[in-house]
Amino acid sequence: MKAPKINWKLFPPKAHYMLYFGGVAAFWPYITVYGKQLGFSELNVGYIFTVAPIAGIISMPLFGMIADRFKIKKKLFLVFNIINLLALLCFPILALTENKASRPVVIECGEGSSHIKHCHTSNSSHVVDWNSHSASERILQEYSKKNCSTSCQIECQASQEELVKFCDALLTHTIRGDYGMPDFCRKNDSTAAKTIPLSFMATLDFGKTMPLEECIYFQLDSIAERGQEKELADRPLSCFPNQKIANCQMNCPNFRSANQAVEVTDNNLSPAFWLYALFTLLAWIAMAVVTSVADALCFQTLGNRSDLYGAQRKWGSIGWGLFTLISGFLVDIVSGDSITKNYAPSFWIAGILLTLNFIVCWKWEVQEEERPKALGRRMMALIAEPKIAVFVMACVVVGICTGLLWNFLFWYIEDLAKDRMCITTGTKNWIKLLQGLISIVQCFLGELPFFFFSGKFINKFGHVNSMAIVLGTFGVRFLLYSILENPWWVLPIELFQGLTYGIFYTNMATYAYVVSPEGTAATVQGIVGSAFEGVGVSLGSLIGGFMYQYMSGRTTFRMFGMFSLVMCVLYKVAMMSIDRKFEPVSQNNEKDIDFGTEMTQMNKRPK
């Protein structure tokens with residue numbers, strides 16, 4: 001049996017798709033939760049991922065037109081590959097300027113009953129709209145799903161006088177037993193510092209949360225200092241007379257509504273936020289240009305065998321799924337039991353793969369097409385065709401759904417895990433593994449087979465019906481998300497990724513290539529790409545972030561699902577109302593399109 005021959009002409013696009021998407025996937029799926037770890041709210045992240053795709057709206061067709069006009073596709077391709085690499089490797093800098101949200105609280109220690117108090121002041125701005133009663137209701141709603149006490153990290157800066165009074169009043173004999181003095185009281189005897197740092201874990205019963213005027217009170221059951229022996233690790237907090245420590249910060253990583261209730265920020269956004277926004281913007285623009293130009297170069301390499309596009313593009317799914325899982329697994333291993341994740345493995349993988357990708361792209365030999373004539377006029381005439389205009393609008397709708405999926409699915413999965421149980425530090429270790437498995441199912445069981453058979457699928461259903469199927473599938477997928485209780489059941493739902501991305505992306509790319517005039521492939525790919533990732537993903541990120549902030553992840557996915565189903569019906573009706581004799585075909589009759597036999601059939605009449 002003879003070994004299969006390798007088509008070395010098609011090796012560069014395959015290698016590029018695998019290395020490039022593998023390198024991006026090492027970190028990009030976690031970019032929103034990385035921002036969450038830095039202390040940014042859902043709404044602020046939504047703003048960032050609204051502005052970034054808008055830049056893509058401009059950059060994709062602009063640089064595509066420049067590449068076609070001056071015949072410099074490959075040069076621009078290489079430049080933006082470098083920008084992409086550098087932008088992703090700048091994200092670790094944010095760890096040096098980490099922006100932790102301020103969550104000021106006061107410890108009030110009483111005889112038999114102690115509380116942690118947070119009050120709204122005129123010079124503080126809460127991250128979410130706030131009053132004590134609404135904050136209390138959100139906390140009690142989350143508590144009803146968990147029904148257990150939660151450990152929170154407390155960090156204080158106490159004055160010597162404040163700490164002396166507090167320790168003198170601290171009772172060591174309680175109804176729960178006898179306890180020694182905590183370490184922070186003994187520290188006070190051996191320091192001359194004006195303020196003494198305190199750090200301990202507090203067990204809070206959020207079921208007894210109380211709102212009072214502009215303040216909210218959490219019942220404090222016990223405290224535990226780090227580094228103590230096991231038998232001293234947990235002790236009640238009781239004082240006589242009543243005492244307090246005013247300058248404290250609280251962090252409850254496994255109780256989202258409690259953190260939101262006490263989270264305040266000043267009106268000026270931090271340097272870390274602006275750096276995060278800048279790096280995201282650069283990376284997004286670079287990815288937009290690289291992706292659209294890469295597709296144009298791939299079609300040029302394939303020549304009249306555009307039916308093989310899916311067979312090249314599937315390697316991107318392989319790279320994405322494989323390295324998302326590897327990256328997630330290594331992040332979990334390196335992070336250990338830490339509440340915050342260490343993303344160093346992600347950045348190493350991204351750096352290595354994107355560097356190898358640049359070498360492959362450098363060696364990728366592509367023959368530039370002839371310079372197009374009257375490029376602007378031909379583009380305007382193309383977009384004015386009714387079916388093309390409606391198709392582009394459908395790309396926008398799919399982009400809206402994709403924006404929510406890309407930016408908030410992992411966030412939603414983490415919230416589902418927290419809502420289902422009181423997560424301990426050890427239990428949380430499987431979250432990144434589950435997120436990695438999600439990408440594996442999406443890529444290997446969803447996208448990969450559908451990319452492979454995309455030609456036959458589009459041949460059978462046509463471009464028009466394929467887009468309707470994508471919109472309908474998004475609706476069903478989001479509605480299934482909205483009824484999830486156990487986060488692990490998200491895995492079978494991810495099989496829909498084959499239709500919502502594998503079929504959609506091939507459908508979009510081949511349609512753009514079919515209708516593009518000679519020498520304008522990069523420009524037309526940029527136009528449909530900007531409609532999808534620029535307008536669509538931008539709106540999805542903004543609307544999704546706003547709804548997620550003020551409603552819930554469950555409600556957001558439910559409403560997006562219903563929206564997608566409605567748009568599926570409207571799209572199909574719009575296409576049927578257009579003259580069925582009209583079918584967009586190649587604007588240059590000399591372009592030899594061979595998508596098997598299916599493209600010839602699709603050029604005759606719409607389906």
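- The shortest distance between side-chain heavy atoms of Ile438 and Ile413 falls below 4.5 Å.
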Side chain to side chain contact (heavy atoms under 4.5 Å, CB included) for Phe279 and Leu94? Distances and angles first, verdict last. CA-CA 10 Å; Phe279 300 153; Leu94 298 177; 4.3 Å; yes
With side chain to side chain contact (heavy atoms under 4.5 Å, CB included) as the test, would you mind laying out the steps for Met508 and Tyr513 before giving the verdict? CA-CA 9 Å; Met508 179 182 70; Tyr513 182 65; over 6 Å; no
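- A distance of 5.0 Å separates OG in Ser59 from CD1 in Ile285, rounded to the nearest 0.5 Å.
- Stacking of Arg313 on the aromatic ring of Phe21 is recorded, both the 6.0 Å distance cut-off and the 45° axial limit being met.
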After noting the C-alpha distance and the side-chain angles of Ile469 and Leu499, does the key distance pass the side chain to side chain contact (heavy atoms under 4.5 Å, CB included) rule? CA-CA 8 Å; Ile469 292 172; Leu499 289 168; 4.2 Å; yes
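- Minimum heavy-atom separation, Pro13 to Cys298: CB-SG, 4.3 Å.
- Separation of atoms OG (Ser564) and CZ (Arg477) is listed at 11.0 Å; rounding is to 0.5 Å.
- Residue Ser327 holds its OG atom at 9.5 Å from CG of Asp332, rounded to the nearest 0.5 Å.
- Using a 30° and 60° split on the angle between ring planes, Phe347 and Tyr34 fall in the perpendicular class, above 60°.
- Taking the side chain as every heavy atom from C-beta outward, Tyr412 and Thr556 never approach each other to under 4.5 Å.
- The two residues Ser454 and Gly310 come nearest to each other via the heavy atoms OG-CA, 4.0 Å.
- In this structure, Gly502 and Glu447 approach most closely via the heavy-atom pair N-CG, 4.4 Å.
- Between the side chain of Tyr30 and the main chain of Thr324, a donor-acceptor pair closer than 3.5 Å is present.
- Counting heavy atoms from C-beta outward, Val441 and Gln497 have side chains that stay 4.5 Å or more apart.
- In this structure, Leu565 and Gly472 approach most closely via the heavy-atom pair CD2-O, 3.5 Å.
- At least one side-chain heavy atom of Ile493 sits less than 4.5 Å from a side-chain heavy atom of Tyr481.
- For Phe63 and Phe80, the distance between ring centers is under 6.0 angstrom.
- The shortest side-chain heavy-atom distance between Ser317 and Tyr17 does not fall under the 4.5 Å cut-off.
- Side chains of Asp295 and Tyr505: a donor-acceptor N/O pair is present below 3.5 angstrom, by distance only.
- At distances below 3.5 Å, not a single donor-acceptor pair connects side-chain atoms of Tyr511 with backbone N or O atoms of Val528.
- Aromatic ring orientation, Trp364 versus His16: tilted (interplanar angle from 30° to 60°).
- Between the CD1 atom of Ile349 and the OH atom of Tyr343 there is a distance of 13.0 Å, given to the nearest 0.5 Å.
- Nearest approach of Ala26 to Ala350, heavy atoms of both residues: CB-N, 3.9 Å.
- A pairwise comparison of heavy atoms in Leu330 and Pro345 identifies CB-CB, 3.6 Å as the closest pair.
- Using modelled atom types, no side-chain atom of Asn357 and backbone atom of Leu353 make a donor-acceptor pair closer than 3.5 Å.
- In this structure a side-chain-to-backbone donor-acceptor pair under 3.5 Å is missing from Thr555 to Met551.
- For Phe452, the CZ atom sits in a loose shell: 12 or fewer heavy atoms of surrounding residues, nucleotides or ligands are nearer than 6.0 Å.
- Atom CZ of residue Arg554 and atom CG of residue Leu484 lie 7.0 Å apart, to the nearest 0.5 angstrom.
- No hydrogens or angles considered: a donor-acceptor pair under 3.5 Å links the side chains of Asn84 and Tyr20.
- The side-chain heavy atoms of Phe451 and Tyr501, taken from C-beta on, include a pair separated by under 4.5 Å.
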Give the C-alpha distance, both sets of side-chain angles, the deciding distance and a yes or no for side chain to side chain contact (heavy atoms under 4.5 Å, CB included) between Met559 and Met547. CA-CA 10 Å; Met559 295 184 69; Met547 292 176 64; 3.5 Å; yes
Name each donor-acceptor pair under 3.5 Å that joins a side chain in residues 389-410 to protein atoms two or more places apart or in another chain, with its distance.
unit_1 : atom_1 : unit_2 : atom_2 : d
Thr402 : OG1    : Val398 : O      : 2.7
Asn407 : ND2    : Gly403 : O      : 3.0
Asn407 : ND2    : Ser541 : OG     : 2.5

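- Trp489 CH2: 12 or fewer foreign heavy atoms inside a 6.0 Å radius.
- Aromatic ring centroids of Phe504 and Phe532 lie under 6.0 Å apart.
- Taking the six-membered ring where tryptophan is involved, the planes of Trp284 and Trp28 are tilted, since the angle between them lies from 30° to 60°.
- Between Leu282 atom CG and Ile83 atom CD1 the span is 7.5 Å, to the nearest 0.5 Å.
- A side-chain donor-acceptor contact under 3.5 Å links Ser482 to the backbone of Leu479.
- Between Phe450 and Thr506, the closest side-chain pair of non-hydrogen atoms is not below 4.5 Å.
- In this structure, Leu480 and Val476 have side chains that are in contact, with non-hydrogen atoms separated by less than 4.5 Å.
- Between the side chains of Thr500 and Thr473, no donor N or O sits under 3.5 Å from an acceptor N or O.
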